[in-house]
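Here is the structure we will look at, set down as structure tokens.
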4 protein chains.
Amino acid sequence: MAKSIDETKLERIKQATIEMVVTKGYGGASVSSIAKRAQVADGYLYRHFPSKQALVQSLYASHIDEFRQLVYEMMNTYNTLEEILFNFINAIFELTNENPSKAMFINMLMNDYTFLMSKDMRLRIPESFEKLLDKGKETKEVDAGISIEEFTAVFPAIPIEYASSRVKRIFSDEKLTSDDAHKVTTLCVKALKG
Amino acid sequence: MAKSIDETKLERIKQATIEMVVTKGYGGASVSSIAKRAQVADGYLYRHFPSKQALVQSLYASHIDEFRQLVYEMMNTYNTLEEILFNFINAIFELTNENPSKAMFINMLMNDYTFLMSKDMRLRIPESFEKLLDKGKETKEVDAGISIEEFTAVFPAIPIEYASSRVKRIFSDEKLTSDDAHKVTTLCVKALKG
Amino acid sequence: MAKSIDETKLERIKQATIEMVVTKGYGGASVSSIAKRAQVADGYLYRHFPSKQALVQSLYASHIDEFRQLVYEMMNTYNTLEEILFNFINAIFELTNENPSKAMFINMLMNDYTFLMSKDMRLRIPESFEKLLDKGKETKEVDAGISIEEFTAVFPAIPIEYASSRVKRIFSDEKLTSDDAHKVTTLCVKALKG
Amino acid sequence: MAKSIDETKLERIKQATIEMVVTKGYGGASVSSIAKRAQVADGYLYRHFPSKQALVQSLYASHIDEFRQLVYEMMNTYNTLEEILFNFINAIFELTNENPSKAMFINMLMNDYTFLMSKDMRLRIPESFEKLLDKGKETKEVDAGISIEEFTAVFPAIPIEYASSRVKRIFSDEKLTSDDAHKVTTLCVKALKG
DNA sequence: TATGAATGAGACTTCATTCAT
DNA sequence: CATGAATGAAGTCTCATTCAT
């Protein structure tokens, strides 16, 4: 009967939000500027999200979850820690190449103490890394003395930092390659081994 | 005498700014709230900084610089990369224990693409890490194939992430000890060696 | 048949409007909330009324008119002022019991200087009360010196205030009875007599 | 040291608020329009009141209280109900002449079910009228059978309605005089007597 | 006919900044 | 030198209204 919801609009809003938050920061990304970039009316945003905060929060949560699911997927597909890490890192790097803003967005909010994840999220993330650590100890690829705290300082910290500096074009303007993924995997594996 | 009063005011403003930014984010830290916490008048702030942005930027720059100077200092004092890293990491951990807000502040802004450092800063930081990398290669503690890009993904990324997760109390509520510094140094050294 | 469906929709819109305006005030009663309560689409409302303002105005006008017609009806049915007043007040009280919202709605808008009646309405109301005043003077139930201004301050002000305070449950939660109507009639009659 | 608060500004805001609310209704009286009429900046309003609602509420409460205090004052000054009522009504009429908006403002909000008084206010008002009723029964000016519900439907309903219709210029454009106050007092006294 | 997606003007509110004192 | 009253641009959000379907 009535006009049907234009799904591309919702997608445009999401992408515009990420780009504006990355470019201008959370505070600098005004709802108006997001709506303008997404080519929708200011008010339209509020038909899908109750507030600006909820909009950003929801995007953040879904990206973090995507991330976490990728870890599980890789754990179920590959047997050695090295293979798991490489394939995960490679996937992340590809995603970063395709949509650098998305990578910056996650990185930015993960380090924003103001933007805490929901309790649920906060618990499930360490859990997935703990599983990975156990796996590494099992295969003897990880020193038995490594704690979860040390583990996460290596993974995913190293690949995130590497991708982040590339996106910021601090040392290079090149795209991330599978060779980069290999190098980063090696750094992680060496750091952790006995 | 009047001068000294001034100095404590300035100090109070700086600390209040850091605390408010860390607690409420850049946008949530209003000039009024900073002035109130520092127990100075709103307008007084503008005698020292031309704008809120300049205030935060200046604090950020001076902290980053402190950081950089510490690297130089350690490089001139110690001879092996391991010693340099350990003493630097230990110093950073002590600073984090003393003033967690300060550590969170640096970490937060370093990952905020909005708060780009001045060109000057942006150049001098990689430079100081490049010197460190050269040193490591000289002493054979670092594999000759390691690029500056890989190096910075390990150091300072690993210690920063470790300190950051401690401050966020993700895995532990304990203070950072020199034992922590040792563990983190080992991770870095292992990641980089040939 | 289609017509009758229409009619119940229109009726639902009218009742929903009254209830929302009374509950939330004119500003708080959004078109959407009215449509939702009436179980019609937002846009459907605009097939019957050109604007929200017109919708409320029209309901107000029709209720005021209903009121006025009741006065005429009672004047044609009963001979003494006391009988007329009693039967009118009793009718109003019954209506208030059946549909308190309706009573509150009229009362609210009558005291809202924003919602001025149409010129037409404004003239016909005093006219009907003037006829009533003349009748009272004729039967000697009303002092010859009473002006129309004094008369309206007694009737319908007293019964309206009485019903209103009951609806607001200021002094009592009971329904309005014919005994209440008698008491109120007496107050009016005594106020006006010579 | 700093500029001192301009008290006239606060007064201008209060008067502008009353005038705008009376003219345009609560919803129609935008903060901007109030600020403009008061000749202050939009934001200035929020240095004195936390919200538009609080601003209007506070004015309403203080006027209602003024009203209530006037009743007490008259009760302590005069001995017969008739004297008390006359002097109160006269005072109200004078106030209405001086500042018709103020009178309209009170009347409008008193009949707005959306704008409930604080519980405290709601209790103290009937209480003051109850004292008045007791006084009237004591002096035998009021029939022993009159309830507080009937009493308030007469007083202050009659004088309010009379003043209100005058302010709306329904029957007359003249100012309210002490002769008007006498007439209205007589209506009340007659309605209540045994 | 009836719907409800979409709009955008405008509402309320905040806050960096200025400047009279 | 220091204050904090005052400003007003800009932000978030609501909602009456339109119109494609």
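The sequence lines fix the lettering, A, B, ..., with proteins before strands; numbering per chain opens at 1.
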Nucleotide nearest S30(D) when distance is taken to its side chain, options dG11(F), dA11(E), dT17(F): dA11(E)
Between C1' of dT14(E) and NZ of K24(B), the distance in whole Å: 15 Å
Rounded distance in Å - CG (L10(C)) to P (dA2(E)): 11 Å
Reported CZ-to-NZ distance for the pair F105(D) and K14(D), which is rounded to 0.5 angstrom: 11.5 Å
Between dG4(E) (P) and I34(C) (CD1): distance, integer Å: 17 Å
Closest listed nucleotide, where the reference is the side chain of A41(D) and the choices are dT3(F), dG8(F), dT3(E): dG8(F)
5' precedence on DNA chain F between D42(B) and Y46(C) (nearest-nucleotide basis): D42(B)
Nearest-nucleotide comparison on DNA chain E, the residue closer to the 5′ end among G43(D) and Q39(A): Q39(A)
Whole-Å gap separating P (dA11(E)) and NZ (K52(C)): 13 Å
S33(D) side chain vs A29(D) backbone, donor-acceptor pair below 3.5 Å: no
Rounded interatomic separation in angstrom, taking NZ from K36(D) and P from dA9(F): 13 Å
Under-4.0 Å side-chain N/O to phosphate OP1/OP2 contact, K9(A) with dT7(E): yes
Separation of atom OH in Y44(C) from atom C1' in dA2(E), rounded to whole Å: 8 Å
Upstream residue (5' side of DNA chain E) when R47(B) and H48(C) are each assigned their closest nucleotide: H48(C)
Separation between CD1 of I18(B) and CG of L109(B), rounded to the nearest 0.5 Å: 9.5 Å
d(CG, L45(A); C1', dC13(F)) in whole Å: 10 Å
For T17(D) against L55(D), the heavy-atom pair lying closest together: OG1-CD2, 3.5 Å
Gap between atoms CZ and P, on F49(A) and dA6(E) respectively (whole Å): 13 Å
Short side-chain to backbone donor-acceptor contact, K52(C) and Y26(C), under 3.5 Å: yes
Sugar-phosphate, base or nothing in reach of V31(A), heavy atoms under 4.0 Å: sugar-phosphate
Complementary nucleotide of dA20(E), counting Watson-Crick and G-U pairs under 3.5 Å: dT3(F)
